[in-house]
Protein chains: 2
Amino acid sequence: MGTVTKALELLNLFTKGRPLIGLSDLARLADLNKATCYRLISELCDFGLVEQIGTAREYRLGPAVLRLSALREAQVPTREAAMPVLQALAQKTGETAHLSLLMGSELHTLGFAYSTGHMTRVTMEDAEVLPFHATSSGLVVLAFQPEAFRETVLAQPIPRLTGRTETAPQALRARLAEVRGQGFAESRGAFQAEVHSIAVPLFDALGRCTGAVAVAALASRMSEDQRRLIRFALASAGSEITSLWGGTLPADIATLWRLAA
Amino acid sequence: MGTVTKALELLNLFTKGRPLIGLSDLARLADLNKATCYRLISELCDFGLVEQIGTAREYRLGPAVLRLSALREAQVPTREAAMPVLQALAQKTGETAHLSLLMGSELHTLGFAYSTGHMTRVTMEDAEVLPFHATSSGLVVLAFQPEAFRETVLAQPIPRLTGRTETAPQALRARLAEVRGQGFAESRGAFQAEVHSIAVPLFDALGRCTGAVAVAALASRMSEDQRRLIRFALASAGSEITSLWGGTLPADIATLWRLAA
DNA sequence: AACCATCGGTTCAAATAATAAACCGACAAG
DNA sequence: CTTGTCGGTTTATTATTTGAACCGATGGTT
């Protein structure tokens, strides 16, 4: 593994739940020698991707990420373009809408929007990792990846997250084939027990699936009528975001979505 | 220089004006061997910090920067916290307000707000580099850096950008001392000929100056009254942002700003 | 106070990973 | 058909990275 990759993996150790990390912890978490870790994190620090704060000298993500993000959004307004669609989707369905993007080999939440319609709602966090096998977004993105990628994911440990999580690779393969045939995916409490969600895939200019948009609702509110409404709204949001991104919807998906409507 | 730093410097080559770069260009710009450059950019690509697009296989900043930025803002809402203050500042002064942050050894624009008061305005770009010697933000940030940093900057080539750009290191040193004595800095057409601007420093929790907030106006509108108004609004915005960031205003600055008001 | 563990950071010989130059096939212009 | 460029690959050589031991500082325990 290259030195650069090792350094970048240090960045992945910073999460919502663990925003500050000391040098020794960092070395342990990354399974690196302390000296190595120190050199790497120092270089990240010099660049501003991480910064060191306080008396405990802990590290956290630095301001340079903001600058890079501003540049990226100026060129490719991925998040900015999708957010209004997401908000409209949340409003139309009365539930929580969220957007996720495939980054490397992980699916990350990039943004979400709440509805003002109900007192209870599914809450989300930005920048969290979504498991491929247990979320509607994960399933739908995985379903539309090249087979090699699918098998790599299925070859990894598949944790049971709730009583309704499917963990058998063979069953998941069948599930993914079904998703490809439908043009959307559904999760019924496989990630969090009370949450049902439906997701549709998003595509880039080369027709590759690079993310998903989903609606997550409390299980108790997910009637058959509501399901239909959500699927319809999702199909429309999915084509809109794909088009805003300059992507192209594969012809078969467009057909599937038209039929569903 | 470490391998990681070399890789990260590749990221700095992507700018507003040059968002897409091919492998050979990248190697030339970074002054790296093509093979070296390929390895480095590939690792950045694998991580998602950079992505490769189109038929020409050019590279651009990738989606991972969005995720990191979302994490950072969740922990330290630098930009998000400052933007409302910036908007109020633009409204109050009738001119363009902007925020810049010291990242590594460069000062970058992090955000800006326009006033709706005039038909003409100073326009800004996100994520652009501000020269230390020719902008009010640059001068004020440089003035409050440790001497070693100041001298490093002054030792570098100092380009003349307009007819009114001061380029003599000795004169700049005197200018910086004056800025320290005033608690704010002013640029009269030293960056762009028709633009006058005034800036105040921002401080972190350890009392280090990490950025600046500035108001940029067309020279023709910069009367003595307007100057006073802007200085007053800036002092208030400066303390507000510093405090929102959890920073502490050095006592002497607080005094200077009180006197000016 | 003495002890012990841990912290962030440093040192230096030994091991490993990065590098430069040459090369590849593909493409485009002349 | 030559010439130059592109993105990408290969290889022996070289320089960087690495690991273990070591610092002084800090803070809790006996």
Side-chain angles (χ1 to χ4, degrees), chain A residues 1-14 17-62 75-76 104 146 148-149 204-206 208, chain B residues 1-14 18-62 75-76 104 146 148-149 204-208:
Chain A
M1 188 204 306
T3 312
V4 176
T5 301
K6 278 181 213 153
L8 294 179
E9 275 175 359
L10 289 180
L11 293 178
N12 272 344
L13 297 175
F14 296 93
R18 198 202 304 123
L20 296 171
I21 314 183
L23 176 61
S24 297
D25 281 341
L26 210 50
R28 264 189 298 274
L29 287 165
D31 196 24
L32 289 174
N33 182 282
K34 198 156 50 110
T36 307
C37 188
Y38 178 68
R39 252 187 359 86
L40 297 179
I41 198 81
S42 296
E43 291 196 66
L44 294 175
C45 232
D46 289 344
F47 191 76
L49 279 183
V50 302
E51 65 181 3
Q52 205 173 7
I53 48 154
T55 51
R57 304 200 162 182
E58 293 182 298
Y59 299 90
R60 73 175 172 204
L61 290 177
Q75 237 269 305
V76 195
F149 184 86
D204 71 7
L206 282 69
R208 294 172 306 198
Chain B
M1 190 204 306
T3 311
V4 177
T5 301
K6 278 181 212 153
L8 294 179
E9 275 175 359
L10 289 180
L11 293 178
N12 272 344
L13 297 175
F14 296 92
R18 198 203 303 123
L20 295 171
I21 314 182
L23 176 60
S24 297
D25 280 342
L26 210 49
R28 264 189 298 273
L29 288 165
D31 196 23
L32 289 173
N33 183 283
K34 196 156 50 109
T36 306
C37 188
Y38 177 67
R39 252 187 0 86
L40 297 179
I41 198 81
S42 296
E43 292 197 65
L44 294 174
C45 233
D46 289 344
F47 191 77
L49 279 182
V50 165
E51 65 181 4
Q52 205 173 7
I53 49 154
T55 50
R57 303 201 162 180
E58 293 182 298
Y59 299 90
R60 73 174 173 203
L61 290 178
Q75 237 269 304
V76 195
F149 184 87
D204 71 7
L206 282 69
R208 294 171 305 197

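Residue numbers start from 1 in every chain, and the chains themselves are labelled A, B, ... in the order their sequence lines are given, proteins ahead of strands. Keep in mind it's a predicted model, so treat the numbers as computed, not measured.
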For this session: Could you tell me whether A:Gln52 contacts a base, only the sugar-phosphate backbone, or nothing, with contacts defined as non-hydrogen atoms closer than 4.0 Å?
Result: sugar-phosphate
Problem set entry | Sub-4.0 Å heavy-atom contacts from residues 3-13 of chain B onto DNA chain D, ordered by number | B:Thr3
Below 3.5 Å between N/O atoms, which protein atoms pair up with nucleotides 28-30 of chain C? Just atom names and distances, please.
none

Problem set entry | Residue B:Arg39, side-chain heavy atoms: nucleotide from C:dA18, C:dG8, C:dA21 that is nearest | C:dA18
Exercise. Is any side-chain N or O of A:Tyr38 closer than 4.0 Å to OP1 or OP2 of C:dG8?
Worked result: no
Problem set entry | Under 4.0 angstrom between B:Arg57 side-chain N/O and D:dC6 OP1 or OP2 | no
Exercise. Does a side-chain N or O from B:Tyr59 land closer than 4.0 Å to OP1 or OP2 of D:dG8, or not?
Worked result: yes
Problem set entry | base_contact_polar (D:dG19 base, A:Lys34 side chain, donor-acceptor, <3.5 Å) | no
For this session: Could you check B:Asp25 against B:Ala35 and say which one's nearest nucleotide on DNA chain D is further toward the 5' end?
Result: B:Asp25
Seminar exercise, completed: Note: for A:Ser24 and B:Leu40 on DNA chain C, the residue whose nearest nucleotide lies more 5' is A:Ser24
For this session: With DNA chain C as reference, determine whether B:Asn33 or A:Arg28 sits nearer its 5' end, using the nearest nucleotide of each.
Result: A:Arg28
Exercise. Rounded to the nearest Å, what distance is computed from the CG atom of residue B:Leu23 to the C1' atom of nucleotide C:dC23?
Worked result: 15 Å
Problem set entry | Nearest-angstrom distance from the residue atom CG of B:Asp31 to C1' of C:dT19 | 13 Å
